[in-house]
Amino acid sequence: MPKLRALWTRVSESLWFVPSLILLTAIVLAVVMVELSAAVDAEVLARWPRVFGAGADGSRSMLSAIASSMITVAGVTFSITMVAVTQASTQYTPRILRNFMRDRANQAVLGTFVGIFAYCVVVLRTIRGEDGPTFVPSLAVLMGIVLALVGVGVLIFFVHHIATTLQASEIVARITDDTRRAIDRLYPDRLGGAGAEGDPEPWLGSVPEKAWSAVLAPATGYVQHLGMHALTDIAEECDLLVRIERVPGDFVVRGQPVAWFASHPAHLSAPAPEARLREIAERSARHYVVGTYRTLDQDAAFGMRQLVDIALKALSPGINDTTTAVTCVDYLGAIMVRLADCRLELVRRGEDGVLRVVAREPTFESLLALATDEIRQASRGNVSVLARQLQMLTLVARVTHDPARRRAVAKHIALVQGAATKVAAGYDLERLQDLAGRALLQADRPG
């Protein structure tokens, strides 16, 4: 179910879920170690009294020191994480804030410190001294010391990790990796390869406009998840053809159409009653999950949006960081290379092999425009950025085999070439024109 999947995504990527699991694990470990200590302490103390022979007062003091230091470090860790998130959000783009929140390393570090604190508190509660029969869970106390040493190592790792993840190249590379994984998951089929579908346009064009019924958006916001398989099952069950108008990443308004359905043109059937149409529309709308922000799970374009935003911020007059902008262009090129021969049109057939669901967005040209247009417009004659855009487009043209897509690449090469005319220096202009000529040769080559 899309809603359950969206809920799981939100929970697993939150800043509290993994730390809570580690906290519960630490509490269970404390109980187990205390019970184990009660079973074997006498034998262990007799064999290694110098290792396990701490008294009640000494054990209390030691565990109290560990617990207080760990909760302090946990607070410092949380503060450092918030400062890092704020700095990255300000310097690069607010869109990457959730990337830091869902960083498993940050979650594990915070959970480790809180977990060690909870472990020490639970063990500390079981120690008995002068007020009754003496009980010191020596194995549990020793485990507390081991966990404290582990916490020191985790703190060192955390400092290194934060320093690494704040680097622009690391942020851009991680966004690119997430985007490429989303592309591989969403668009496994290749143009002309196994699994590719025929052109759905004849089927869509054969349905009269008045025969389509609307599926209305359940809420206002961004489409985060769309249950394509569930919609296919509904279409097959009711013998429908479904046309998806709003896909993950699109902004929708409650009560406005996000998809349309009609009786399948391959089968002549009487129009369904109005009540039946409303039922189908309501069932279909339940498979749209709408939230307040975009996610990468089914929206590969969102990863590209983040890279473009970082490049635009780097090119702004207040920052003027050409190297970061060039890095973003390079990684956008890597994404477009991955998309070059992917079949982006999502088409679903039922078990009977009949076409059932069609989503025609996004297109290769729209994604290419996203990767190039705004950066080209913001470069303002920046030779390094324009040159790298031409090199990126040359590479995309070289790996693109579809003639229509190569024409789209050629169009954007010409646009960059036009922007190069604003470069004042003759040497720079000559260099850019040479790069544009090579790029056009790649785009215009025979299939």
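Computation of the quantities below employed the complete heavy-atom set of this structure, encompassing side-chain atoms and omitting hydrogens, waters and symmetry-equivalent molecules.
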Backbone N or O of Val258 within a donor-acceptor pair of the Tyr288 side chain at under 3.5 Å? yes

Hey, could you give me the CE/CG distance between Met70 and Leu63, rounded to the nearest 0.5 Å? 11.5 Å

What distance do Tyr187 atom OH and Asp341 atom CG have between them, rounded to the nearest 0.5 Å? 15.0 Å

Any donor-acceptor N/O pair, Arg405 side chain to Ala340 backbone, under 3.5 Å: yes

Distance-only donor-acceptor pairs under 3.5 Å for side chains of residues 381-389, two or more places apart:
unit_1	atom_1	unit_2	atom_2	d
Asn382	OD1	Ser384	N	3.1
Asn382	OD1	Val385	N	3.2
Asn382	ND2	Thr322	OG1	3.1
Arg388	NE	Gln391	OE1	3.1
Arg388	NH1	Asp330	OD1	3.0
Arg388	NH1	Asp330	OD2	2.7
Gln389	NE2	Thr372	O	3.1

I'd like to know if the side chain of Gln442 reaches the main chain of Leu395, judged simply by a donor and an acceptor atom lying under 3.5 Å from each other, with no hydrogens or angles considered. no

Check Arg407 with Glu365, please: is the shortest side-chain N to carboxylate O separation under 4.0 Å? no

I'd like to know whether CZ of Arg254 has more than 12 heavy-atom contacts from other residues, nucleotides or ligands below 6.0 angstrom. no

Tell me if a side-chain donor or acceptor on Gln224 pairs with a main-chain N or O of Tyr293 at a distance below 3.5 Å. yes

Return yes if some donor-acceptor pair links the side-chain N/O of Gln107 with the main-chain N/O of Phe17 below 3.5 Å, else return no. no

More than 12 heavy atoms of other residues, nucleotides or ligands under 6.0 Å from CD of Glu279: yes or no? yes

So, for Phe113 and Val154, which heavy atoms are closest and what is the spacing to 0.1 Å? CZ-CG1, 4.0 Å

Tell me whether Arg431 is salt-bridged to Asp428, with the criterion being a basic N under 4.0 Å from an acidic carboxylate O. no

Looking at Lys313 and Asp309, does any basic side-chain N land under 4.0 Å from a carboxylate oxygen? no

Name the residue from Arg180, Arg181, Arg174 that meets the side-chain hydrogen bond (donor to acceptor under 3.5 Å, both in side chains) definition with Asp178. Arg181

Is there a donor-acceptor contact under 3.5 Å from the side chain of Arg356 to the main chain of Ile234? no

Tyr222 atom OH, neighbour heavy-atom count above 12 within 6.0 Å: no

